[in-house]
Structures are given as C-alpha cells and as structure tokens.
Amino acid sequence: MKNILLKLFLFSILLIIAGCDSIVKTDHPSKIIKKHENVFFESQDTGSANPEDDRTIYYKIFLDKELVAKTNSGLFFQKKKLNLHLDAGRYLFFAERWYLEESNENDVPEYKRANNVWQMKPIYIDIHDDPETFKIVFGINHDVKEFYYKIEGQDDLSPEVEKQ
C-alpha cells in the first residue's frame, strides 16, 4: 500500500514539475497586448417593405476576398452588428447577403446566398494608423431596391447607392 502511495506521490510531483516547466516557456499574460476593436460594421435595411416578406438575414464580411467574419442574424430592418480590429491599410470590402429560406413545412430551413441583385459591389476602405472610430453602415434600400452604404468616421461620407 505504501509503495502505491509513494508512486502516486512521485507521479504527482512529476506532473507539477512538467506543468511548471510549460508555464515558464509561454509568454507572461501581462505581456500580451489585446488589440481593441476599431472598425464597426452595421447592417440595416431601409425604406418600406411588406412585413410579410421580412426574412431573417445575415452578412458574411469579406476583406481582400477572404471571409473574416459574419454578422449576427436578424430580420431585414433589425440592426446586425459586427466589430473588428483592422490594422492600418487599404482593404477590399464586400458584404455578402444570406437569407433564411423557409420554403416547405417538411423541409428544414437553411440559409441561402441572395442573388446578385441583392449583393453589394466591392469597395475599398482605408484604415489609417489610429482611427478614433470607423463605421460602415450598409443594407438594402427597399424603396429603390438597391444596396446602399455609408462610411462614417474619418471623412463622414454621404450615403452612396449602388447602381445595378
């Protein structure tokens, strides 16, 4: 019995030493710099639409043709937000619209990509070295059935409607 207890005790000490050794090799948590979010994406459709046609949607956010994140999902006229940290530079920005298809009672609803008429065209955004705030507001204007976007922050650009 003493032999088993001694082996367990020695094994425990080895585990503690191995654990301490791995802690020494990693960086100290106080040296890790957490980058704060500096770019804010907000999607909300505008205009008037039939409430019966309102669907649940979300956007996939692409920067330089790579998927970087997804917004939360919500109905057309609910705000969908996403906050990211981006380093200074120029990015090719594109938000891809996805909607929840509820076709049949027997089918399981699934998200599908909206057709190209309901998609934005890519735009360039410039993030400077230390932006106070950089916000992109985008969505569909249902009155004119076109995608809109507005960039707020550095230049406070007025909304632009994309012509299809």
**Item:** Full working for side chain to side chain contact (heavy atoms under 4.5 Å, CB included) between Q44 and T46
**Value:** CA-CA 6 Å; Q44 184 175 16; T46 61; 5.6 Å; no
**Asked** With a cutoff of under 4.5 Å between side-chain heavy atoms, which Ile, Leu, Val, Met, Phe, Trp and Tyr residues group with L92?
**Response** Y124
**Evaluation steps, side chain to side chain contact (heavy atoms under 4.5 Å, CB included), between Y149 and V137** = CA-CA 5 Å; Y149 67 90; V137 180; over 6 Å; no
**Asked** Is there a donor-acceptor contact under 3.5 Å from the side chain of D54 to the main chain of F76?
**Response** yes
**Cation over ring face, R55 and Y111, 6.0 Å, 45°** = no
Please round to the nearest 0.5 Å and tell me the distance separating atom [atom1] of [X] and atom [atom2] of [Y].
| X | Y | atom1 | atom2 | answer |
| --- | --- | --- | --- | --- |
| E42 | F138 | CD | CZ | 9.0 Å |
| K70 | I61 | NZ | CD1 | 11.5 Å |
| Y59 | R97 | OH | CZ | 3.5 Å |
| D45 | L75 | CG | CG | 10.0 Å |

**Item:** Closest non-hydrogen atom pair between N72 and Y58, with its separation
**Value:** O-CB, 3.8 Å
**Asked** For residues D87 and H85, is any side-chain donor paired with an opposing acceptor at under 3.5 Å?
**Response** yes
**Asked** In this structure, which one of D126, I125, I127 forms a side chain to side chain contact (heavy atoms under 4.5 Å, CB included) with R90?
**Response** D126
